[in-house]
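So the structure is just underneath, and the comments pick up after that.
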Amino acid sequence: MTAEAPTAPTVPYGQLVPVAVHFDDLDALGLLHNARYPLLVERAWTELWNARGVRFDGDWATAGDACNAVRELVIGYEAPVTRPGAYAVHLWLERLGTTGLTYGFRLCSADGATTYARGTRVLVRLDADTLRPAPWSEGFRQAGRELLRPAG
């Protein structure tokens with residue numbers, strides 16, 4: 001009898017990206033420090049796009065869709081994270097515009113069942129020379145459409 005590999009948790013839309021909370025991410029009360037939540041989301045977002053070939057390698061002129069900036073971040077804390085370990089970030093797109101997007105996120109248990117925080121973040125794609133809004137590439141838009149949350 002062979003052991004089967006555990007199946008990855010699924011979500012109805014978007015993607016669940018594993019993240020780790022370390023002991024030094026906790027504050028003096030033993031809770032995940034509020035500033036670590038957006039950091040974990042950023043790391044998950046970066047991993048998700050790196051896997052799709054969108055990455056920043058140190059050169060803004062060739063960064064393409066990775067040349068973007070945060071316009072807005074909204075986060076609500078729902079339950080405290082009280083110990084280090086395996087967690088996940090559920091990521092999806094709420095809106096995909098010509099030069100900007102809004103993505104939703106949840107910091108949650110590794111299986112996606114328990115939500116600790118949720119929010120949205122608005123990104124704007126920038127032209128590396130002018131730092132003005134620039135359109136997302138068609139490849140980025142195609143990958144982004146796969147992450148769109150269904151209307152309803």
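Nearest heavy atoms, Ala86 versus Ala110: O-CB, 3.9 Å. Considering all non-hydrogen atoms of both residues, Pro84 and His22 come closest at CB-C, 3.9 Å. Taking all atoms of both residues into account, the shortest heavy-atom contact from Ser109 to Ala113 is OG-N, 3.2 Å. Residues Pro18 and Glu47 come closest through the heavy atom pair O-OE1, 4.3 Å. Nearest heavy-atom pair, Ala44 versus Val19, reported as atom, atom and distance to 0.1 Å: CB-CG1, 4.1 Å. Shown here for Tyr37 and Ala79, the closest heavy-atom pair between the two residues is OH-O, 3.9 Å.
Contacts classified as salt bridge (Lys or Arg N to Asp or Glu O under 4.0 Å) and involving residues 136-152 (residues at least two apart or in different chains) are given here: Glu94-Arg149, Glu138-Arg145.
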Query raised in the report: Please walk me through it: do Trp136 and Asn68 pass side-chain contact (heavy atoms from CB on, under 4.5 Å)?
Result: CA-CA 10 Å; Trp136 301 108; Asn68 59 66; 4.1 Å; yes

Query raised in the report: Stepwise, does the side-chain contact (heavy atoms from CB on, under 4.5 Å) test hold for Leu16 with Cys108?
Result: CA-CA 9 Å; Leu16 206 57; Cys108 52; 3.7 Å; yes

Report task. Before giving the answer on side-chain contact (heavy atoms from CB on, under 4.5 Å), spell out for Thr82 and Leu31 the whole-Å C-alpha distance, their side-chain angles and the decisive distance to 0.1 Å. Result -> CA-CA 5 Å; Thr82 59; Leu31 306 174; 3.8 Å; yes

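Hydrophobic clustering of Ile, Leu, Val, Met, Phe, Trp and Tyr side chains at less than 4.5 Å, counting indirect connections, unites Leu96 with Trp45. Linking Ile, Leu, Val, Met, Phe, Trp and Tyr residues whenever their side-chain heavy atoms come within less than 4.5 Å leaves Val124 and Val54 in two separate clusters. Both Val41 and Leu26 sit in one connected hydrophobic cluster of ILVMFWY residues. Membership requires side-chain heavy atoms under 4.5 Å apart, directly or through other members. In the hydrophobic clustering of this structure, Leu123 does not group with Leu126; members are Ile, Leu, Val, Met, Phe, Trp, Tyr whose side-chain heavy atoms approach within less than 4.5 Å, directly or through other members. In the hydrophobic clustering of this structure, Ile75 groups with Val89; members are Ile, Leu, Val, Met, Phe, Trp, Tyr whose side-chain heavy atoms approach within less than 4.5 Å, directly or through other members.
Within a 6.0 Å radius of CZ in Arg83, no more than 12 heavy atoms belonging to other residues, nucleotides or ligands are found.
Counting only heavy atoms from C-beta outward, the side chains of Thr46 and Phe56 never approach each other to under 4.5 Å. A heavy-atom distance below 4.5 Å is found between the side chains of Leu107 and Leu32. With contacts defined as side-chain heavy-atom distances shorter than 4.5 Å, the pair Phe105/Leu73 qualifies. For the pair Leu40 and Val21, the minimum side-chain heavy-atom distance is below 4.5 Å. Between Leu91 and Leu147 the shortest side-chain heavy-atom distance does not fall below 4.5 Å.
Between the CG atom of Leu101 and the CG atom of Leu148 there is a distance of 9.5 Å, given to the nearest 0.5 Å. To the nearest 0.5 angstrom, Asn50 atom CG is 4.5 Å from Arg55 atom CZ. To the nearest 0.5 Å, atoms CG (Leu39) and NE2 (His33) are separated by 11.5 Å. Taking OG1 of Thr10 as the reference point, atom CG of Asp111 lies at 10.5 Å (rounded to 0.5 Å).
Classification of the Tyr116-Tyr87 ring pair by plane angle, with boundaries at 30° and 60°, yields perpendicular. In this pair, Trp92 and His90 present their aromatic rings tilted. The plane angle is within the 30 to 60° band.
A salt bridge links Arg121 to Glu42: at least one charged side-chain nitrogen sits closer than 4.0 Å to a carboxylate oxygen.
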